[in-house]
Amino acid sequence: MPEITLPDGSRKVFEKPVTIQEIAQSIGTGLAKATIAGKVNDVLFDATLPINHDAKVVIITSGDKEGIEIIRHSFAHLIGHAVKQLYPNIKMAIGPVIEEGFYYDIFSEYRFTPEDLIKIEERINKLIKTNYDVKILQVSKKEATKTFQERDETFKLRIIEDIPDEGLINLYKHEEYIDMCRGPHVPNTRHLRHFKLLKLSGSYWRGNSENESLQRIYGTAWAKEKELNDYLTRIEEAEKRDHRKLGKNHSLFYISEESPGMIFWQPNGWTIYQVLMNYIREILKKNDYQEIRTPQAVDKSLWEKSGHWDKFRDDMFTTSSENRTYAIKPMNCPCHVQVFNQGLKSYKDLPLRLAEFGSCHRNEPSGALHGLMRVRNFTQDDAHIFCTEEQIQDEVSTFIDLVFEVYKTFGFDEIIIKLSTRPEKRVGSDDIWDKSEKALTEALNNKDLKWELQPGEGAFYGPKIEFSLRDCLNRIWQCGTIQVDFSMPIRLDATYVDLNNEKRNPVMLHRAILGSFERFIGILIEQYEAKFPIWLAPTQIILLSITDRNIEKCKEFNQFLNIKGYRSKVDIRNEKVGYKIREATIGRIPLIGVIGDKEEEVDSVSLRALDGTDLGISNLPNLYKLIDELIKKKGRIE
RNA sequence: GCCCUUGUAGCUCAGCGGUAGAGCACUCCCUUGGUAAGGGAGAGGUCUCGGAUUCAAAUUCCGACGAGGGCACCA
């Protein structure tokens, strides 16, 4: 006689074990029809499984977040159902739900093409329209094993091996197709309607490139057709912000076939780069950093000492001269230790902060390259803080604030923070790792920030905090970072004299705010959709002549503006003003100045903002004032 | 690096066995026009590269290189 408590507090007693479906039916037919699954004492539960004890029950429909996830998960099974009908020899591996969709990893000798994707989608459409019931079999591990042995589903068998012996395993029967899942799943395919298979990709069994290659089919699914269409439109719109597309359209940068992964900055892009660099320079000055510059190519012996040669040899570009081998530097830290080592250092010199806009080369795998986001040559806004153990906490804390201050300037509202701890392959004792990880954890916890732990993902020399941002398609890119390193100073003999006149090794903090200029500008292009605030805009103002009579005035104003240090251009072509405005607008120039006879009479210019706002007529001193104010704001919305 | 896709004028793309086409941009001419496209003419490509098939290849096949989407990697 289970007593069921519903979310509104009402209770219902049933004569015999009852399913969520039946509970919903007892409330109303409409609800019963919409029921996808439920929660029994806060645990997700299939709609058609019996509940034989008193419980709190929540009914889940497609309107719930869990509901839509269940729908997506069930669609993954439908890939299985369809694909096995079309290609009986394949083996199903794993098919989870992801953000806004699902995928299924499949082992198949035959390689799927986009045409197959269409076929599979058609087959799924056919299957869901039959509105079949999804049946649940709860079986022992032994029975499950037998089922998948008969079906030669070797990957499912491997998954079963890792499941504990006791307890039941849920098998979901989609007609002749059987899949294994923790569930729950929809009770009938009539809940599955609005989906689209999106893309095909390779993957590896258990995410390990040593294992079998699998083929992954990605899809998305939604409760309503409108939601599906909105999602697809959203992706389309987001693609328009792609920094590679905008970079080309606005002549910011390009990448040539001869140097994959390396950036040719055009005048427009380089302007942004320099403004950004000067902004960081100001920040460094205010925060007591000293800028240095170190060589591009350094003898391999230094990299052997630092440990990089051992671990990253294949990922470094090398060159040789006479009898020596050099590595084109993949990082700046060993060089910074060299600079630190010049002259004897006292504890009074610490913390010593050495910064460099360091150009690094890393031979990234070809498949990893991605516009400005992942390149083979990048410039870090790098710095190394040499300090004592006692100073770590403060330095890390100050740095986190600094990152937030800088990111705020660009209006990032979502900064993803992750703490990565000791990897398997590492240098340094466990005692040192304990201390380093503790320092970072405490710095984060003292700030009341949301952060995520990534065990085993730290650098080989120390743990790190990463600050990541999302691009237009929600892909996450690490930008800022701070890493604690007790090892490098020891390996490279960095020392200072302490209060007791004894030599000690300093601790080294590796840190970057933007990460690399390339990646950060890539993110910025997408963030602003290339509509840069005036302090960053490659061209800040363009002066348009209305007739040829106004050409000289345009040129004169332009010269004054440029001498004053603003980035001004003219458009004195023989075109109508509407045409020039259109071009300047498409060119994303923040301020447009129009000069006709009327303006010339009063030695002024008519101003228009990028969004079309009329800013009135202004003489030069007022124009300077206006631009100065806009620059000062740096596009911050406050 | 792995799997799928892909590489034609500066850009976006069409052509998919009979030695190249559009729109925009560019140059010149007419037009001197007041806040998102005035009109006309012209120039521009050994169709990424290397092989193979064929009387004939941008078009089919193989390979290399680059690019796109994922996966793996990311000091």
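Chain A is the first sequence line, chain B the second, and so forth, proteins listed ahead of strands; every chain is numbered from 1.
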Rounded interatomic separation in angstrom, taking [atom1] from [X] and [atom2] from [N]:
{"X": "A:Glu575", "N": "B:rU35", "atom1": "CD", "atom2": "C1'", "answer": "15 Å"}
{"X": "A:Tyr104", "N": "B:rG70", "atom1": "OH", "atom2": "P", "answer": "22 Å"}
{"X": "A:Asn474", "N": "B:rG69", "atom1": "CG", "atom2": "P", "answer": "14 Å"}
{"X": "A:Arg573", "N": "B:rA37", "atom1": "CZ", "atom2": "P", "answer": "14 Å"}
{"X": "A:Leu200", "N": "B:rC4", "atom1": "CG", "atom2": "C1'", "answer": "5 Å"}
{"X": "A:Arg475", "N": "B:rC71", "atom1": "CZ", "atom2": "C1'", "answer": "14 Å"}
{"X": "A:Lys245", "N": "B:rA67", "atom1": "NZ", "atom2": "P", "answer": "18 Å"}
{"X": "A:Ile476", "N": "B:rC71", "atom1": "CD1", "atom2": "P", "answer": "11 Å"}

Closest approach to the side chain of [X], judged atom by atom: which nucleotide of [options] is it?
{"X": "A:Arg216", "options": "B:rU5, B:rG70, B:rU35", "result": "B:rG70"}
{"X": "A:Pro260", "options": "B:rU32, B:rG66, B:rC3", "result": "B:rG66"}
{"X": "A:Arg549", "options": "B:rA37, B:rC4, B:rU32", "result": "B:rU32"}

Identify the nucleotide, in any strand shown, that forms a Watson-Crick or G-U wobble pair with [N], with both distances under 3.5 Å; if there is none, say none.
{"N": "B:rC28", "value": "B:rG40"}
{"N": "B:rU59", "value": "none"}
{"N": "B:rU19", "value": "none"}
{"N": "B:rA75", "value": "none"}
{"N": "B:rU35", "value": "none"}
{"N": "B:rG66", "value": "B:rU6"}

Quote, to the nearest angstrom, the [atom1] distance that separates [N] from [M].
{"N": "B:rU6", "M": "B:rG15", "atom1": "P", "answer": "13 Å"}
{"N": "B:rA41", "M": "B:rG51", "atom1": "P", "answer": "42 Å"}
{"N": "B:rG21", "M": "B:rC16", "atom1": "P", "answer": "14 Å"}
{"N": "B:rC13", "M": "B:rA56", "atom1": "P", "answer": "34 Å"}
{"N": "B:rU60", "M": "B:rG23", "atom1": "C1'", "answer": "30 Å"}
{"N": "B:rG1", "M": "B:rA64", "atom1": "P", "answer": "10 Å"}
{"N": "B:rA67", "M": "B:rG45", "atom1": "P", "answer": "26 Å"}
{"N": "B:rC62", "M": "B:rU53", "atom1": "C1'", "answer": "11 Å"}

Using a heavy-atom cut-off of under 4.0 Å over every strand shown, decide if [X] touches base, sugar-phosphate, or nothing.
{"X": "A:Val577", "result": "sugar-phosphate"}
{"X": "A:Arg111", "result": "sugar-phosphate"}
{"X": "A:Ser203", "result": "sugar-phosphate"}
{"X": "A:Tyr103", "result": "nothing"}
{"X": "A:Ser606", "result": "base"}
{"X": "A:Thr113", "result": "sugar-phosphate"}
{"X": "A:Glu599", "result": "base"}
{"X": "A:Lys248", "result": "sugar-phosphate"}
{"X": "A:Asn208", "result": "nothing"}
{"X": "A:Gly596", "result": "base"}

For the residue pair A:Trp270 and A:Trp265, categorise the inter-ring angle as parallel (less than 30°), tilted (30 to 60°) or perpendicular (more than 60°). tilted

Is [X] close enough and on-axis enough to [Y], meaning under 6.0 Å and within 45°, for cation-pi?
{"X": "A:Arg374", "Y": "A:Trp477", "answer": "no"}
{"X": "A:Lys199", "Y": "A:Tyr218", "answer": "yes"}
{"X": "A:Arg234", "Y": "A:Tyr231", "answer": "no"}
{"X": "A:Arg216", "Y": "A:Tyr103", "answer": "yes"}

For A:Lys580 and A:Ser545, does a side-chain donor sit closer than 3.5 Å to a side-chain acceptor?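 A:Lys580 vs A:Ser545: donor-acceptor pair found between side chains.
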
Scan side-chain atoms only and decide if A:Asp105 and A:Gln215 contain a donor-acceptor pair under the 3.5 Å cut-off.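 There is no such pair (donor and acceptor under 3.5 Å, judged by atom type) between the side chains of A:Asp105 and A:Gln215.
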
Under 4.0 Å between a side-chain N or O of A:Ser366 and OP1 or OP2 of B:rG1?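 For B:rG1, OP1 or OP2 has a side-chain N or O of A:Ser366 closer than 4.0 Å.
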
Measuring to OP1 and OP2 of B:rA25, would you say a side-chain N or O of A:Tyr579 lies under 4.0 angstrom away?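 Yes, because at least one side-chain N or O of A:Tyr579 sits under 4.0 Å from OP1 or OP2 of B:rA25.
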
Are [X] and [Y] ion-paired here, with the side-chain N under 4.0 Å from a carboxylate O?
{"X": "A:Asp434", "Y": "A:Arg422", "result": "yes"}
{"X": "A:Lys553", "Y": "A:Asp603", "result": "yes"}
{"X": "A:Glu122", "Y": "A:Lys119", "result": "no"}
{"X": "A:Lys418", "Y": "A:Glu466", "result": "no"}

Between N or O atoms, less than 3.5 Å apart, protein on one side and nucleotides 73-75 of chain B on the other: list the pairs.
| residue | atom | partner | partner atom | Å |
| --- | --- | --- | --- | --- |
| B:rC73 | O2 | A:Arg374 | NH2 | 2.7 |
| B:rC73 | N3 | A:Arg374 | NH1 | 2.9 |
| B:rC74 | O4' | A:Arg374 | NH2 | 3.4 |
| B:rC74 | O2 | A:Arg374 | NH1 | 3.1 |
| B:rA75 | OP2 | A:Lys464 | NZ | 3.0 |
| B:rA75 | O3' | A:Tyr461 | OH | 3.0 |
| B:rA75 | O2' | A:Tyr461 | OH | 3.2 |

What N/O pairs connect the protein and nucleotides 48-50 of chain B at under 3.5 Å? Give each pair on its own line.
none

Between A:Glu258 and A:Leu473, whichever has its closest RNA chain B nucleotide further toward 5' is A:Glu258

Residue pair A:Asp597/A:Ser256 against RNA chain B: nearer the 5' end by closest nucleotide is A:Asp597

Is the backbone N or O of A:Glu364 less than 3.5 Å from a side-chain atom of A:Arg376, with the two atoms forming a donor-acceptor pair by type? yes

Derivation of the ring-ring contact (aromatic ring centres under 6.0 Å, His included) call for A:Phe460 and A:His308: CA-CA 9 Å; A:Phe460 73 95; A:His308 289 95; 5.3 Å; yes

Under-3.5 Å donor-acceptor pair between A:Tyr204 side chain and B:rG1 base: yes

